[in-house]
**Q** 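Quick one: this structure, given as structure tokens, is what I'll be asking you about.
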Amino acid sequence: MVCAAVLAGLDAVIVRMLAGGVHPLIIGFFRALFGLLAVLPFLLRRVEIMASPYRALHVVRAGLKFASLVALFIAFGHAPLADATAINFTMPIFLTLGAWIFLKEKVALSVVFGVLVGFIGIVIIIRPGAGAFDPWLLFALAGAILTAISQLILRRMALRDTTDRLVAWNLLAMAPLGLLAALPVWAAPSPAQIGLLALQGGLGALNMALITRAFAMASASFLAPLDFLRLPVVAALAFLFFGEVAPVTTWIGAAIIFGAALLAAGGARWRRHRAEGGD
């Protein structure tokens, strides 16, 4: 999880380096393409692609995933990296809220409290109505919401499909969808930009593998707090590469959001545990 946090920070730095020279839709396409190429040998060897019962739904989920990546890339390209990363921590809050509204899952009082507190953290970072308000951070917020919607769909699909097939379909569908989205704004990247895009795709695939391995070795409750390491890593890299210094409000808002996400997720897990007859 620590290595994954470092890779996530490098991903944000690469996007910022490409910003202005490569359109976010093109970055998203190459991210999907090179990520697919990195794991294609594994997919062809071990996954029965056509056995999935959710072929059309896989395409919908891949489209949502692609849109969430592009929204985050836009935020990384224009907003302070630490702020955009902090806002991205809201995804579990929107996931919990969506499960309550759309999946009709019962929620504990702690979950509702966690959702409300999380929105307070968002306001502290975005600072609407203040002179420091950065509208580009709304793209990071949109990315978190789109990711949450994708995860809600995934929770239903996982009941009848395998993990390997879900990952495989997501990668296979996202690359052609990304190409279709990028064609209207297409401009061929330079060799140096292609190198950065290839590096980003490879790091993304490695990041996914590291997180999958981490969850196979330890419980989610143990690993969840380690996700917060992304913020100091991104803040340090943003300072080293671009001279950005995260303000105090970023750290305060991020801590509130992260605590609220843990509270909401913990309450949801406790509710499911009780429903299954646990102690």
Side-chain angles (χ1 to χ4, degrees), residues 1-24 27-28 30-31 68-92 118 120-128 130-144 147 189-190 192-193 195-208 210-211 214 223-262:
M1 286 297 289
V2 174
C3 290
V6 174
L7 294 184
L10 291 173
D11 189 2
V13 168
I14 291 173
V15 172
R16 173 62 65 80
M17 288 179 172
L18 292 168
V22 182
H23 195 281
I27 297 177
F30 278 107
R31 166 66 176 270
S68 70
L69 281 175
V70 172
L72 188 59
F73 292 163
I74 293 173
F76 281 157
H78 298 87
L81 294 182
D83 285 2
T85 300
I87 292 295
N88 197 239
F89 286 136
T90 59
M91 191 280 291
I120 294 174
I122 296 173
V123 171
I124 290 175
I125 295 175
I126 295 182
R127 300 182 291 278
F133 171 65
D134 189 345
W136 293 109
L137 288 176
L138 296 178
F139 283 94
L141 191 62
T147 301
S190 67
Q193 290 169 338
L196 286 175
L197 290 165
L199 176 61
Q200 184 197 26
L203 291 178
L206 179 57
N207 182 286
M208 182 175 62
L210 288 171
I211 292 176
L223 294 173
L226 295 177
D227 190 45
F228 190 68
L229 289 172
R230 281 191 292 142
L231 182 57
V233 169
V234 168
L237 292 175
F239 175 75
L240 289 174
F241 283 90
F242 311 111
E244 291 183 2
V245 178
V248 175
T249 51
T250 298
W251 298 101
I252 294 174
I256 292 173
I257 289 171
F258 192 73
L262 289 180

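These numbers come from the heavy atoms of this one structure, side chains and all, not from hydrogens, waters or symmetry mates. Source: prediction; values computed, not measured.
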**Q** Could you work out, with salt bridge (Lys or Arg N to Asp or Glu O under 4.0 Å) as the rule, every residue matching Asp83, not counting sequence neighbours?
**A** none
**Q** Inspect the surroundings of CZ in Phe242 and state if more than 12 heavy atoms from other residues, nucleotides or ligands are less than 6.0 Å away.
**A**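 Yes, the 6.0 Å shell around CZ holds more than 12 heavy atoms from other groups.
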**Q** Find the distance between SG (Cys3) and CD1 (Ile211) and round it off to the nearest 0.5 Å.
**A**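 Cys3 atom SG to Ile211 atom CD1 measures 11.0 Å (nearest 0.5 Å).
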**Q** Considering all heavy atoms of both residues, which atom of Pro80 and which atom of Asp134 are nearest to each other, and what is their separation?
**A** CD-OD2, 3.3 Å
**Q** Please collect all side chain to side chain donor-acceptor pair (under 3.5 Å) contacts where either partner lies in residues 2-13, sequence neighbours excluded, each pair once.
**A**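 Matches after skipping sequence neighbours: Asp11-Arg31, Asp11-Gln200.
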**Q** Checking Ala84 now: which residues fulfil side-chain contact (heavy atoms from CB on, under 4.5 Å) with it, not counting sequence neighbours?
**A** Ala75, Phe76, Leu137, Ala140
**Q** Which salt bridge (Lys or Arg N to Asp or Glu O under 4.0 Å) pairs, counting each pair once, include a residue from residues 232-245, with sequence neighbours left out?
**A** Arg16-Glu244
**Q** List the residues meeting ring pair (Phe, Tyr, Trp, His ring centres under 6.0 Å) with His23, not counting sequence neighbours, and say none if there are none.
**A** none
**Q** Taking ring pair (Phe, Tyr, Trp, His ring centres under 6.0 Å) as the definition, give me every residue that meets it alongside Phe228, ordered by chain and number, with sequence neighbours left out.
**A** Phe89, Phe258
**Q** Output the distance between atom CG (Leu141) and atom CG (Leu72), rounded to the nearest 0.5 Å.
**A**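 Answer rounded to 0.5 Å: 11.5 Å.
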**Q** If the test is side-chain contact (heavy atoms from CB on, under 4.5 Å), which one of Val233, Thr250, Val234 qualifies with Thr85?
**A**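 Considering Val233, Thr250, Val234, a side-chain contact (heavy atoms from CB on, under 4.5 Å) with Thr85 is found only for Val234.
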**Q** Looking at CG of Leu7 and CG of Leu210, how far apart are the two atoms once the value is rounded to the nearest 0.5 Å?
**A** 6.0 Å
**Q** State the CH2-CD1 distance between Trp251 and Ile125, to the nearest 0.5 angstrom.
**A** 10.5 Å
**Q** So which atom in Leu197 and which in Pro189 form the shortest heavy-atom distance, rounded to 0.1 Å?
**A**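 Looking at all heavy atoms of both residues, the shortest contact is CD1-CG, 4.0 Å.
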**Q** How far does CD1 of Ile74 sit from CD1 of Ile27, to the nearest 0.5 angstrom?
**A**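 Interatomic distance, Ile74 CD1 to Ile27 CD1, rounded to 0.5 Å: 9.5 Å.
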